[in-house]
Amino acid sequence: MEKQDGKVSVIIPLYNGEKHIEATIKSILHSEYRNLEVLIINDGSTDNGRMICERLRRADNRITIYDKENAGTVSARNYGVSRAKGVYLCFCDQDDIVDEKCYAKQAERMMLDQSDICMCSVGRSIDGKRSAFELSDDACYEGDAILEQLLYPLLFNGFEPPVKMGAKNRYPHIWSCMFRMDFWKKCNLKFRAYVNFEDDLLVKTQALAAAGRVSTIAHIGYYWRVHLGSETYAHKYIAHLAEKQQNCYEDMYQSIADRVRDAQTLELFRHAVYCRQYLEAIHNLASPEKKKTRKAIRQYYEKNIYSRSFENCITAARMVKKGKIKPRIILRLLAGKHTMMSYYAEVILDSVLLLTLRSQTLTKLERKLKGIRM
């Protein structure tokens, strides 16, 4: 086995995760890379998750538990980073699974390439059944190759702009990444969120824009456990969405402007982000928590979509990939300002997507709707 001089710090935010936290921690402790510290950030849990972690800590001194008041994943992750002592830094969600070879392969690749970041391939687990989700090659990128193969596919995910970039889809999840700690600190990377669940995207964007060298590995090292009843799929309504989306866009722009520089690419990025945010706004409105009338729907569109550089940015609807069925349908309806039709298309197609996630036999249809290509 390769030399394991550099400690790997693994940060796990914990909030009422008693169902899967033991399996998650054990998957990390069974890693072939033994030089680990596992930082569990108990974010005000009220179930037995904290007690389970304490039992595991007594059996393995690589575990440290920190308790704090509930403030969400962003706060918990930043809290963990400030206390991590490793040479390398990783993140894990409380209910996911880390393959035993993952950290060893990532650390080995980072030492070989002298890279700032290493991204493993990702799978997902639905009702115990595993499948590939995002596959990478064994490779190392630097200079413009980071933009073309990693950053642009992340920023333009789902779109085909007139920009030179790789064909592989790149997703925002942070748990597939191992970071060199000195790189993280030098770039002053921190998690932040404006709307909901975009903290991974913001940090990954900033990190890729700042990195001098990035490695990827073909090995599926991390399995994301999909819970259809989780907060991610709960579809809660978010108030004051347009303002929050604008703040999110400006944060991303600030991260990439110095690295990208090309004005046309930056403008295409704005168009793509705004179109994605239009889709998020419609999805937000479709929340069952929000009572709606036809008048209220039209007013919401005016405030959250049509007033946000719409005529200029909706042109990105023409850049949506052919396989992206749902965005292509809704954005084309939106381009014609078919307000009610685009809203009801969202309601129907979202129901179809949830159905496909519940059925392994419909995986191909889901990939068609989302446009996932390996």
Side-chain angles (χ1 to χ4, degrees), residues 152-163 169 171-172 193-198 200-202 205 232-233 235-253 256 265-290 292-354 369-372:
Y152 289 164
L154 174 67
L155 299 178
F156 292 108
N157 190 314
F159 294 86
E160 293 179 317
V163 172
N169 289 327
Y171 296 93
Y194 300 95
V195 185
N196 206 3
F197 305 122
E198 76 274 23
D200 283 23
L201 173 62
L202 295 173
T205 297
T232 305
Y233 294 96
H235 205 169
K236 294 182 178 179
Y237 180 76
I238 301 169
H240 310 296
L241 184 63
E243 179 182 346
K244 295 174 181 178
Q245 287 181 327
Q246 183 62 28
N247 290 336
C248 183
Y249 160 73
E250 290 174 2
D251 186 313
M252 292 180 69
Y253 182 90
I256 68 172
T265 300
L266 289 170
E267 185 64 7
L268 288 170
F269 162 70
R270 185 172 77 98
H271 293 178
V273 169
Y274 271 49
C275 276
R276 201 152 41 226
Q277 291 182 342
Y278 299 154
L279 293 170
E280 291 169 359
I282 299 172
H283 181 72
N284 183 52
L285 181 62
S287 167
E289 292 183 355
K290 183 69 173 175
K292 301 162 279 272
T293 62
R294 292 177 69 89
K295 181 180 179 181
I297 291 172
R298 294 185 185 280
Q299 289 176 338
Y300 176 94
Y301 270 60
E302 288 295 337
K303 179 179 180 181
N304 293 279
I305 298 174
Y306 297 145
S307 65
R308 298 191 66 232
S309 303
F310 180 77
E311 299 297 340
N312 190 17
C313 293
I314 195 60
T315 56
R318 297 193 295 267
M319 300 191 308
V320 177
K321 290 181 177 179
K322 290 182 179 179
K324 282 275 192 176
I325 296 175
K326 181 180 173 184
R328 280 172 70 89
I329 291 173
I330 295 177
L331 286 176
R332 287 185 179 186
L333 290 171
L334 200 58
K337 289 200 171 181
H338 299 299
T339 300
M340 299 307 302
M341 290 177 66
S342 65
Y343 171 75
Y344 288 117
E346 163 63 31
V347 173
I348 294 168
L349 291 171
D350 194 51
S351 297
V352 172
L353 280 174
L354 286 174
L369 285 166
K370 286 189 172 181
I372 296 173

Q: Taking E346 for its side chain and I282 for its backbone only, find out whether a donor-acceptor pair lies under 3.5 Å.
A: no
**Q.** Exceeds 12 heavy-atom contacts within 6.0 angstrom, atom CD of E267
**A.** yes
Q.
Whether the side chain of T293 engages the backbone of A296 through a donor-acceptor N/O pair (distance < 3.5 Å, no angle test) should be reported.
A. yes
Q: Evaluate the side-chain proximity of I256 to F269: yes if any heavy-atom separation is below 4.5 Å, no if none is.
A: yes
**Q.** ring pair (Phe, Tyr, Trp, His ring centres under 6.0 Å) involving F310 - partner list, sequence neighbours excluded
**A.** Y278, Y306
Q. With side chains defined as the heavy atoms from C-beta onward, is the minimum distance between L154 and L201 less than 4.5 Å?
A. yes
Q) Closest heavy-atom contact between L334 and S342? A) CD1-OG, 4.0 Å
Q. What distance separates K236 NZ from E289 CD, expressed to the nearest 0.5 Å?
A. 7.0 Å
Q: Classify the side-chain pair D251/Y194 by whether it contains a donor and acceptor separated by less than 3.5 Å.
A: yes
Q. At what distance, to the nearest 0.5 angstrom, does CD1 of I238 lie from CD of Q245?
A. 8.5 Å
Q: Say whether N169 and K321, considering side chains only, have a donor N or O and an acceptor N or O under 3.5 Å apart.
A: yes
Q) Roughly how far apart are L349 CG and H283 NE2, rounded to 0.5 Å? A) 12.0 Å
(Q) I need the L241 CG to E280 CD distance, nearest 0.5 Å. (A) 7.5 Å
**Q.** Nearest-0.5 Å distance that lies between atom NE2 in H240 and atom CG in N304
**A.** 10.5 Å
Q.
Do D350 and K326 make a side-chain contact, defined as non-hydrogen atoms from C-beta onward lying under 4.5 Å apart?
A. yes
Q) Does NZ or CZ of R270 fall inside the cone over Y274's six-membered ring, less than 6.0 Å from its centre and within 45° of the axis? A) yes
Q. Is there side-chain contact between P327 and F159, with heavy atoms separated by less than 4.5 Å?
A. no
Q) Which pair of heavy atoms, one from T265 and one from F156, lies closest together, and at what distance? A) O-CZ, 3.9 Å
(Q) Rounded at 0.5 Å granularity, tell me how far CZ in R276 sits from SG in C248. (A) 9.5 Å
Q | Closest non-hydrogen atom pair, K324 against N157 | A | NZ-OD1, 4.2 Å
Q: State, yes or no, whether a side-chain contact exists between I330 and Y343 at a heavy-atom distance under 4.5 Å.
A: no
Q. For the residue pair L285 and K290, what are the closest heavy atoms and their distance?
A. O-CB, 4.0 Å
Q.
Closer than 3.5 angstrom, by distance alone: can the side chain of E198 be matched with the main-chain N or O of N196 as a donor-acceptor pair?
A. yes
Q. Got a donor-acceptor contact below 3.5 angstrom from the K292 side chain to the S287 backbone?
A. yes
Q) CE of M341: more than 12 outside heavy atoms within 6.0 angstrom? A) no
Q | Donor-acceptor side-chain pairing of N284 and Y300 below 3.5 angstrom | A | yes
Q. Near K337 NZ, under 6.0 Å, is it more than 12 heavy atoms from other residues, nucleotides or ligands?
A. yes
Q | Main-chain N/O of N312 paired with T315 side-chain donor or acceptor, under 3.5 Å | A | yes
Q) Ignoring hydrogens and geometry, is there a side-chain-to-backbone donor-acceptor pair from S307 to E302 under 3.5 Å? A) yes
Q. So which heavy atom on L268 is nearest to which on P161, and how close?
A. CD1-CB, 4.4 Å
Q: Please examine the side chains of R332 and H338, heavy atoms only from C-beta on, and report whether any two atoms are closer than 4.5 Å.
A: no
Q. Where is the tightest heavy-atom contact between A281 and I305, given as atom of each residue plus distance?
A. CB-CG1, 4.0 Å
Q. Is the closest side-chain heavy-atom distance between R328 and I325 below 4.5 Å?
A. no
(Q) Salt bridge or not between K322 and E160? Use side-chain N to carboxylate O under 4.0 Å. (A) no
